[in-house]
Amino acid sequence: MTRCTVCGREAIFLRKYSGERLCKRCYINSIERKVEGTISRYRMFDPEDRIAVAVSGGKDSTSLLHILHKIEARFPRSELIAITINEGISGYRDEAINIARESCKRLGVEHVVTSFKELYGHGLDEIVRVADERNGLSPCSYCGVLRRRGLNVIARDVGADKLAMAFTLDDEVQTRLLNLIHGDVSRLGRVGPVLEGGSAGFIPRVKPLCEVPEREVVLYAFLKGIRFQTAQCPYRRRGLRNDIRAFLNRLETRHLGTKYTILRSFEKIAPIMRELAGKVELKKCRLCGEPTVSDVCKACQSLLELGLIDRPS
Ligand code: SF4
Ligand code: ZN
């Protein structure tokens with residue numbers, strides 16, 4: 001029997017890139033400690049923060065909610081509030097929302113649910129139908145932009161100081177490589193574990209899971225008995241991100257620790273990227289008043305292109 005390198009109990013997991021063998025208890029502790037380390041390394045929270053957590057009901061966000069709830073219990077003046085956005089994807093979203101609701105109830109966390117329909121007047125199914133008729137972009141392009149804006153609106157409405165998003169190490173590395181491949185240097189200088197706020201109503205965004213590999217989050221959820229949605233979104237298609245995901249996973253299998261090394265390298269060059277990109281001033285969207293780097297925010301641009309909002313006169 002293999003022994004846990006921390007306590008000597010029976011090990012259930014070998015963390016190949018570090019050589020640690022861990023039992024169930026030490027594995028759970030190791031994930032929670034890693035998240036705490038990330039939070040303090042990037043100074044993500046203040047002790048009195050009201051923290052909005054974006055909870056979709058998937059493995060990453062539901063695990064993040066549980067971890068933050070445990071950490072936050074030690075800071076009596078801070079508060080957690082969960083936000084769920086129902087995009088309006090029939091046959092898929094209802095289950096996830098029920099799971100998010102159940103988790104919040106069990107943990108005693110206030111839960112705010114809103115929808116694309118309430119925010120924009122149209123659910124994603126309808127938006128996709130219009131986009132298909134007009135040869136528009138992929139469903140994920142609209143979904144991501146509209147969800148980000150919605151989360152910021154609700155986080156601000158509930159008086160949150162920070163918005164915590166469940167981006168794992170995999171998500172973070174994929175995003176940076178995507179920006180690199182797209183030649184988007186300015187965005188490369190802006191992404192990171194913390195996106196500062198402070199102007200034009202932008203709520204600072206933090207990513208406490210950004211140093212935990214996705215597969216370790218799944219195991220954490222499984223070992224903790226956390227329920228999460230396993231069904232995949234019907235709109236999930238093969239795109240560049242999926243190719244990058246497969247490429248990174250192949251690299252990681254053959255060269256342990258690659259994902260961490262890429263993240264650290266990007267972190268080292270981030271200040272140069274920021275300098276190259278120049279200071280980006282956020283302003284308010286001319287149409288909806290939400291923070292944007294251009295005149296009209298991406299969400300309004302998308303809705304305009306689809307004819308789902310009126311052009312300004
Ligand atoms: Fe939205 Fe795409 Fe995710 Fe589905 S897979 S929830 S469409 S971003
Ligand atoms: Zn706008």
Side-chain angles (χ1 to χ4, degrees), residues 54-62 64 83-100 113-132 136-157 165-168 170-172 174-175 178 199-203 207 214 217 228-246 281-313:
V55 181
S56 68
K59 61 187 184 333
D60 304 335
S61 63
T62 316
L64 176 64
I83 300 179
T84 301
I85 298 205
N86 182 352
E87 296 90 350
I89 305 170
S90 57
Y92 170 68
R93 256 301 169 233
D94 292 348
E95 186 201 0
I97 288 164
N98 284 336
I99 291 171
V113 183
T114 188
S115 64
F116 277 11
K117 183 98 185 154
E118 284 171 80
L119 290 161
Y120 307 112
H122 309 276
L124 191 67
D125 286 340
E126 199 181 337
I127 292 170
V128 171
R129 190 180 45 73
V130 176
D132 285 348
L137 303 171
S138 72
C140 296
S141 310
Y142 298 110
C143 187
V145 164
L146 297 174
R147 188 176 338 102
R148 276 194 295 279
R149 184 176 106 179
L151 286 171
N152 195 64
V153 169
I154 304 302
R156 204 178 50 235
D157 281 359
M165 314 271 286
F167 276 66
T168 62
D170 298 61
D171 297 321
E172 196 58 20
Q174 288 160 20
T175 301
L178 264 172
S199 63
F202 182 79
I203 304 300
K207 303 171 187 169
E214 189 177 306
V217 178
F228 59 86
Q229 188 182 35
T230 48
Q232 291 214 335
C233 173
Y235 293 126
R236 197 178 141 115
R237 289 185 195 154
R238 291 204 63 82
L240 184 53
R241 184 180 278 273
N242 278 309
D243 292 338
I244 294 176
R245 177 183 290 125
E281 285 295 342
L282 284 181
K283 43 192 169 183
K284 294 196 173 202
C285 168
R286 202 152 52 84
L287 301 184
C288 69
E290 283 304 304
T292 173
V293 288
S294 38
D295 242 21
V296 174
C297 76
K298 278 228 163 105
C300 286
Q301 279 175 29
S302 304
L303 296 170
L304 270 175
E305 277 161 24
L306 297 176
L308 295 173
I309 54 174
D310 294 331
R311 288 199 175 272
S313 44

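Whatever order the structure lists ligands and atoms in, that order sets their numbers, starting from 1.
No salt bridge links R148 with E290; every basic N to acidic carboxylate O contact stays at or beyond 4.0 Å.
A side chain to side chain contact (heavy atoms under 4.5 Å, CB included) with F228 holds for exactly one of D60, V217, T62; it is T62.
C140 SG, 2.3 Å is the protein heavy atom nearest to atom 2 (Fe) of ligand 1. Nearest to atom 1 (Fe) of ligand 1 among the protein's heavy atoms is C143 SG, 2.3 Å. Ranking protein heavy atoms by distance to atom 8 (S) of ligand 1, first place goes to R147 NH2, 3.4 Å.
The minimum heavy-atom distance between C233 and Y92, with the atom names listed, is N-CE1, 3.4 Å.
Residue contact annotation: C233 places an N/O/S atom under 2.8 Å from atom 4 (Fe) of ligand 1.
Heavy-atom contacts of Y235 reach the following atoms of ligand 1: 7 (S) (cutoff under 4.0 Å).
N152 and R149 share no donor-acceptor pair across their side chains, judged by distance under 3.5 Å alone.
Put simply, CG on D310 and CG on L303 are 11.0 Å apart, with the number rounded to the nearest 0.5 Å.
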